[in-house]
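Read through the structure below, which is laid out as structure tokens, and then see the notes.
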Amino acid sequence: MCGRFALFSSPASIVDHLHLDSVQLPAGFTPRYNIAPGQEILVIRNNQQPALLRWGLIPGWAKDEKIGYRLINARAETLWEKPAFRRAASARRCLIPADLFYEWEKTADGKQPYAIRMKTGRLFAMAGVWDAWTDRNTGEVIESCTIITTAAVGSLKKIHGRMPLIVPPEHYEVWVESADYPNVDFQNLLKVSTTFAFELTPVGRRLNRPENDDPTILEPASR
DNA sequence: CCAGACGTTGTT
DNA sequence: GTCTGG
DNA sequence: CCAGACGTTGTT
DNA sequence: GTCTGG
């Protein structure tokens, strides 16, 4: 799955990699090394400025925003069937840029976290969907999103069974242009993403605390 | 018709 | 909101 | 994902 | 164990 990731590339390289027209990233955007569910994450949507949305999808019909704490991931295999995601999947797709994500390997000594980068070292974009929810009491609107997961591939399989679905650059446009391609060939996206090669680095358990958000958590740990 | 769920991961 | 189960 | 709380009454 | 918060 994907329950923690990092995004520390410069705004210029993010804009460049995602072919954004504008260099305008939202106010409050800063380099992050330990992004946790419930926090605001950078998402790219169709014809909109990049924005910070809460990680953890709150469907529009939800009575309580707390449901978002459980909907931090959506399975690619069932995305189009699940009531919580179906609408967002066809109309509200987004890209979530990241420099790396984290997975935990279950071992006899507890859980060993790994930082997982592309072998190329490049920024990449995870597939997501988003929704807007209005608090009936206050009228406050919360925009939120979830990260799509798929079966782990290659070297990742050894430590964990799931991983985020990564969108290849040539599919960025079709993925975010929900209205123009409502039934994008999702299976094809799935297959292409399995060709990525990853590099795994064991890191210290200081990562576990979301408040530890600095580059030192990436220092390789012995295991 | 109304009521109740609506999710993932991992573990059993 | 929309679907499933009763 | 992991960490940390998980409760009430009454008094300060 | 289960839920909430980050």
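Only this structure's heavy atoms are used, side chains among them; waters, hydrogens and symmetry mates stay out. Since we're looking at a predicted model, the values are computed, not measured.
Comparing the P positions of D:dT9 and B:dC1 gives a spacing of 43 Å, expressed to the nearest Å. Straight-line distance between the P atoms of B:dG4 and D:dG10: roughly 35 Å, to the nearest whole Å. Separating the P atom of E:dT2 from that of B:dC6 is a span of 15 Å, rounded to the nearest Å. Taking atom C1' in both B:dG7 and C:dC3, one finds a spacing of 15 Å when rounded to whole Å. Nucleotides E:dG5 and D:dT8 have their P atoms positioned 16 Å apart, rounded to a whole Å. Rounded to whole Å, the separation between the P atoms of D:dA3 and B:dT11 comes to 16 Å.
Within 4.0 Å of A:Ile72, counting heavy atoms only, lies at least one base atom of the nucleic acid. Nucleic acid contact for A:Thr146: none, since no nucleic acid atom lies under 4.0 Å from a heavy atom of the residue. Within 4.0 Å of A:Ala84, counting heavy atoms only, lie sugar-phosphate atoms of the nucleic acid but no base atom. Nucleic acid contact for A:Arg86: sugar-phosphate only, since backbone atoms but no base atoms lie under 4.0 Å from a heavy atom of the residue. Within 4.0 Å of A:Tyr102, counting heavy atoms only, lies no atom of the nucleic acid at all. Counting non-hydrogen atoms under 4.0 angstrom, A:Ala62 reaches nothing in the nucleic acid. The residue A:Arg4 sits close to a base: some heavy atom pair falls under 4.0 Å.
Pairs passing the side-chain hydrogen bond (donor to acceptor under 3.5 Å, both in side chains) check and including a residue from residues 34-44 of chain A, sequence neighbours excluded, read A:Arg4-A:Asn34, A:Arg32-A:Gln39. Pairs passing the side-chain hydrogen bond (donor to acceptor under 3.5 Å, both in side chains) check and including a residue from residues 119-128 of chain A, sequence neighbours excluded, read A:His17-A:Arg122.
Applying the side chain to side chain contact (heavy atoms under 4.5 Å, CB included) criterion to A:Lys106, with sequence neighbours excluded, gives A:Lys111. Not a single side chain to side chain donor-acceptor pair (under 3.5 Å) links A:Arg75 to another residue, sequence neighbours left out. Remark: A:Arg205 pairs with A:Gln112, A:Pro113, A:Asn208 by the side chain to side chain contact (heavy atoms under 4.5 Å, CB included) rule, at least two apart or across chains. With sequence neighbours excluded, the residues forming a side chain to side chain contact (heavy atoms under 4.5 Å, CB included) with A:Lys157 are A:Ala152, listed by chain and number. Under the rule for a salt bridge (charged side-chain N to carboxylate O under 4.0 Å, His left out), A:Arg117 has no partner lying at least two apart in sequence or in another chain. By the side chain to side chain contact (heavy atoms under 4.5 Å, CB included) test, A:Asp99 is found to be paired with A:Leu7, A:Phe8, A:Ser9, A:Leu123, residues two or more places apart in sequence or in another chain being considered. Residues that satisfy the salt bridge (charged side-chain N to carboxylate O under 4.0 Å, His left out) test with A:Asp214, not counting sequence neighbours, are A:Arg206.
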Completion exercise
Dot-bracket for DNA chain B, 5' to 3', Watson-Crick and G-U pairs with both distances under 3.5 Å, [ ] for crossing pairs, | for partner on another strand, reads ||||||......
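In the hydrophobic clustering of this structure, A:Leu200 groups with A:Phe101; members are Ile, Leu, Val, Met, Phe, Trp, Tyr whose side-chain heavy atoms approach within less than 4.5 Å, directly or through other members.
Chain A approaches DNA chain E over the interval E:dT4 to E:dG6, counting the first and last nucleotide 5' to 3' with an atom under 4.0 Å from its heavy atoms. The outermost nucleotides of DNA chain D lying under 4.0 Å from heavy atoms of chain A, listed 5' to 3', are D:dC1 to D:dG4.
A cation-pi arrangement is found for A:Arg45 relative to A:Trp130, the charged atom lying closer than 6.0 Å to the ring centre and inside a 45° cone about the ring normal.
When each of A:Tyr102, A:Tyr33, A:Trp55 is tested with A:Phe5 by the rule ring-ring contact (aromatic ring centres under 6.0 Å, His included), just one qualifies, namely A:Trp55.
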